[in-house]
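Down below is the structure, laid out as structure tokens.
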Amino acid sequence: MKPSSSIEATEQYFKQLFSEQSDFQSKPLFIGGMEYRLFYFNTLIDSSHVQDFILKPLLLRPQDAVRDVVSILDYAETEQLEEAVQAIMYGKVVLHRGEENKLYLLGVDLKKERSINIPTNERVLRGANEAFIENLDTNINLMRKLINTREFVVKTYTIGRLSQTKVAVMYIKSIANTAIIEELERRLSSIDIDYVEAPGFIDELIREKKFSLFPQLLVTERPDRARAYLMEGKAVIATAGSPDTIILPVTFWSFFQSPDDYQISWLIGSIFRLLRICSFFITIGLPAFYVGVSAFNPQLLPITFVNTLQNSLKYVTFPPVFEALSMMLLLEILREATVRLASPVGQTIGVVGGIVIGTVVVQSNLVSNTMVIVAALTGLASFIIPSYEMSSAIRLLSYPALLLSSLFGLFGLAFFFMMICINLCQMNTMGLPYYKPPFSLSEMKDTLFRAPVWSLRKRPGGTAPSNQIRIRHPRRWKR
């Protein structure tokens with residue numbers, strides 16, 4: 001719908017549309033014989049910018065063209081009332097000049113945001129201490145400062161019929177796989193929803209396996225980590241209103257990698273990565289192994305250890321499966337309590353609760369000493385995983401493993417691990433394999449262990465980058 005040259009008609013249209021909005025304002029101006037009208041939400045604009053960059057210039061040069069008078073970078077003109085309505089909703093001022101059939105969209109929105117701080121969910125041992133914030137433009141600014149090349153592409157989309165949430169897709173054109181980027185854009189464009197709560201909504205709306213426990217997208221709040229994955233040919237999705245960004249496509253091994261691995265010696269980094277992979281098996285299988293050995297297969301352990309285990313179970317009221325299940329649930333309750341409460345109180349609850357409850361349940365013969373050690377080791381092993389999503393998934397997987405082990409012994413545990421492997425091999429992310437066993441040395445270089453940087457000449461093949469060469473002349477100085 002095109003605006004009328006009559007300011008009163010335009011005002012009537014906006015007031016009818018925003019009749020229930022108490023913060024909508026229509027300000028009339030008469031300058032040098034010319035009539036102007038400003039339309040805006042007073043809660044979304046910066047009044048000082050309106051005064052300095054719109055009103056004062058108009059008072060000095062009322063007869064000149066608006067384009068030549070106002071000193072605002074975010075300037076646009078429109079002949080559609082729908083575009084003007086959208087601009088008002090985004091915090092712009094719409095200016096209508098008398099006897100003109102067009103509207104001026106002037107960006108003077110109020111910018112209120114928290115300062116860039118250190119990452120809160122991904123602790124930094126070495127490297128940059130910057131984290132994304134809720135402002136999308138600031139997050140894009142952080143990425144552009146880290147990647148100074150014209151190959152770095154940022155495309156923005158608007159998702160949500162009511163929320164009109166801005167979503168940015170970032171990738172490096174010369175490295176990313178074109179087919180993957182096109183598929184990602186197709187999936188984002190097909191989302192039809194009232195509002196988007198990122199990154200959770202986007203994860204569920206574009207993932208392939210809807211009911212899989214394993215995370216298929218990697219979430220990070222660190223710009224340096226996002227840059228590292230962009231350099232491997234992946235794409236990054238940032239959303240207005242969320243400090244978390246989404247990285248895709250990723251493989252199973254990406255969730256065991258930490259940016260700190262590349263800031264220390266490759267040998268130490270490899271040891272830490274192998275420790276995380278071992279923690280994956282410990283978290284899922286240790287309680288089930290305890291139940292299977294104590295109830296079905298004690299002959300697999302040394303006789304001295306079996307005697308110790310039997311002595312600890314001698315006066316325990318419940319069978320091993322119930323004491324394992326109760327301790328695992330108790331550990332989850334303590335973990336959730338420490339997360340939801342304030343930091344000082346949460347830490348106190350975690351330490352005191354663990355000590356007091358652990359002591360009481362042992363002295364009351366509800367669980368054995370060995371089970372307390374197993375539960376503590378299981379909990380610590382799950383916390384080593386750098387990804388919160390993967391850590392939560394493997395903790396949940398320990399419950400069906402425990403059930404199968406209580407029914408079929410160690411055979412049930414082995415069967416469960418086999419089913420996990422089959423499920424992982426069947427999964428895809430953005431059309432690429434989610435899990436690929438590293439059978440060759442080249443595939444192990446950045447999966448099972450962290451190889452030296454000078455040996456990582458090619459980018460990981462799991463994301464099918466269009467440009468595979470990463471390092472052309474490592475250590476050229478050496479003769």
Side-chain angles (χ1 to χ4, degrees), residues 1-31 34-59 62 66-67 69-98 100-115 133-140 156-168 193-198 201 238-243:
M1 180 177 177
K2 292 187 176 182
S4 170
S5 59
S6 171
I7 291 182
E8 287 74 17
T10 304
E11 182 179 22
Q12 182 180 2
Y13 174 81
F14 283 131
K15 284 190 173 181
Q16 183 178 2
L17 195 63
F18 299 120
S19 59
E20 298 180 352
Q21 310 294 342
S22 58
D23 54 347
F24 175 74
Q25 300 290 326
S26 173
K27 184 176 181 62
L29 299 172
F30 295 92
I31 305 173
M34 298 291 295
E35 184 180 4
Y36 297 85
R37 196 66 53 91
L38 301 179
F39 306 99
Y40 56 88
F41 282 115
N42 59 14
T43 55
L44 295 180
I45 66 165
D46 191 330
S47 57
S48 63
H49 286 180
V50 175
Q51 185 74 23
D52 296 336
F53 304 125
I54 299 178
L55 299 182
K56 286 183 179 180
L58 287 175
L59 287 171
V66 175
R67 177 189 292 273
V69 173
V70 296
S71 53
I72 294 176
L73 290 176
D74 190 1
Y75 171 92
E77 299 177 4
T78 182
E79 294 183 356
Q80 297 293 328
L81 285 171
E82 292 79 7
E83 293 182 9
V85 170
Q86 197 64 39
I88 293 175
M89 298 298 297
Y90 278 125
K92 295 183 179 181
V93 168
V94 172
L95 173 65
H96 192 178
R97 189 175 186 176
E100 291 187 0
N101 293 325
K102 60 182 177 181
L103 301 175
Y104 302 93
L105 314 180
L106 310 176
V108 288
D109 50 307
L110 182 65
K111 299 185 183 299
K112 291 287 187 180
E113 60 185 54
R114 64 184 177 94
S115 59
I133 62 173
E134 289 77 10
N135 187 282
L136 180 60
D137 293 335
T138 302
N139 293 341
I140 295 176
T156 57
Y157 302 84
T158 302
I159 301 178
R161 291 192 301 267
L162 300 180
S163 65
Q164 294 291 298
T165 305
K166 288 186 177 180
V167 177
I193 193 172
D194 284 344
Y195 80 103
V196 174
E197 190 73 35
F201 281 25
T239 309
S242 174

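Quantities reported herein were computed from a predicted structural model and do not represent experimental measurements. Count residues from 1 along the sequence.
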Pairwise side-chain contact, L136 with T239, heavy-atom cut-off 4.5 Å (strictly under): no
Result of checking V69, I72, D52 against P57 for side chain to side chain contact (heavy atoms under 4.5 Å, CB included): V69
From K27 atom NZ to L95 atom CG, the distance as rounded to the nearest 0.5 Å: 13.0 Å
Side-chain heavy atoms of Y157 within contact of T165, under 4.5 Å: no
Greater than 12 external heavy atoms within 6.0 Å of M89's CE: no
L17 side chain reached by L81 side chain, heavy atoms, under 4.5 Å: no
Side chain proximity check, D23 to F18, heavy atoms < 4.5 angstrom: no
Heavy-atom closest contact (V70 atom, Y75 atom, distance): CG2-CD1, 3.9 Å
From Y104 atom OH to Y36 atom OH, the distance as rounded to the nearest 0.5 Å: 8.5 Å
Which atom of D109 lies closest to which atom of Y90, heavy atoms considered: CB-O, 4.0 Å
CD/Q164: more than 12 non-hydrogen atoms of other groups inside 6.0 Å: yes
R37 and T10, any side-chain heavy atoms less than 4.5 Å apart: no
CD/E8: more than 12 non-hydrogen atoms of other groups inside 6.0 Å: yes
Minimal non-hydrogen separation, Y195 against S163, with atom names: CA-OG, 3.2 Å
For the student: nearest non-hydrogen atoms of L103 and A84, plus distance: CD1-CB, 3.6 Å
Where K102 and H96 come nearest, the two heavy atoms and their spacing: O-CD2, 3.8 Å
From CZ (F39) to CD (Q25), nearest 0.5 Å: 12.0 Å
Sub-4.5 Å side-chain heavy-atom contact between Q86 and Q80: no
Student check: side-chain heavy atoms of F24 and K15 closer than 4.5 Å: yes
Reported CG-to-CG distance for the pair L110 and D46, which is rounded to 0.5 angstrom: 5.5 Å
Separation between CG of L58 and CG of L38, rounded to the nearest 0.5 Å: 8.0 Å
Heavy-atom side-chain contact between I88 and Y40 under 4.5 Å: no
G91 to I45 - nearest heavy-atom pair and separation: O-CG2, 3.6 Å
Rounded distance [0.5 Å steps], OG in S47 versus CD1 in I54: 11.0 Å
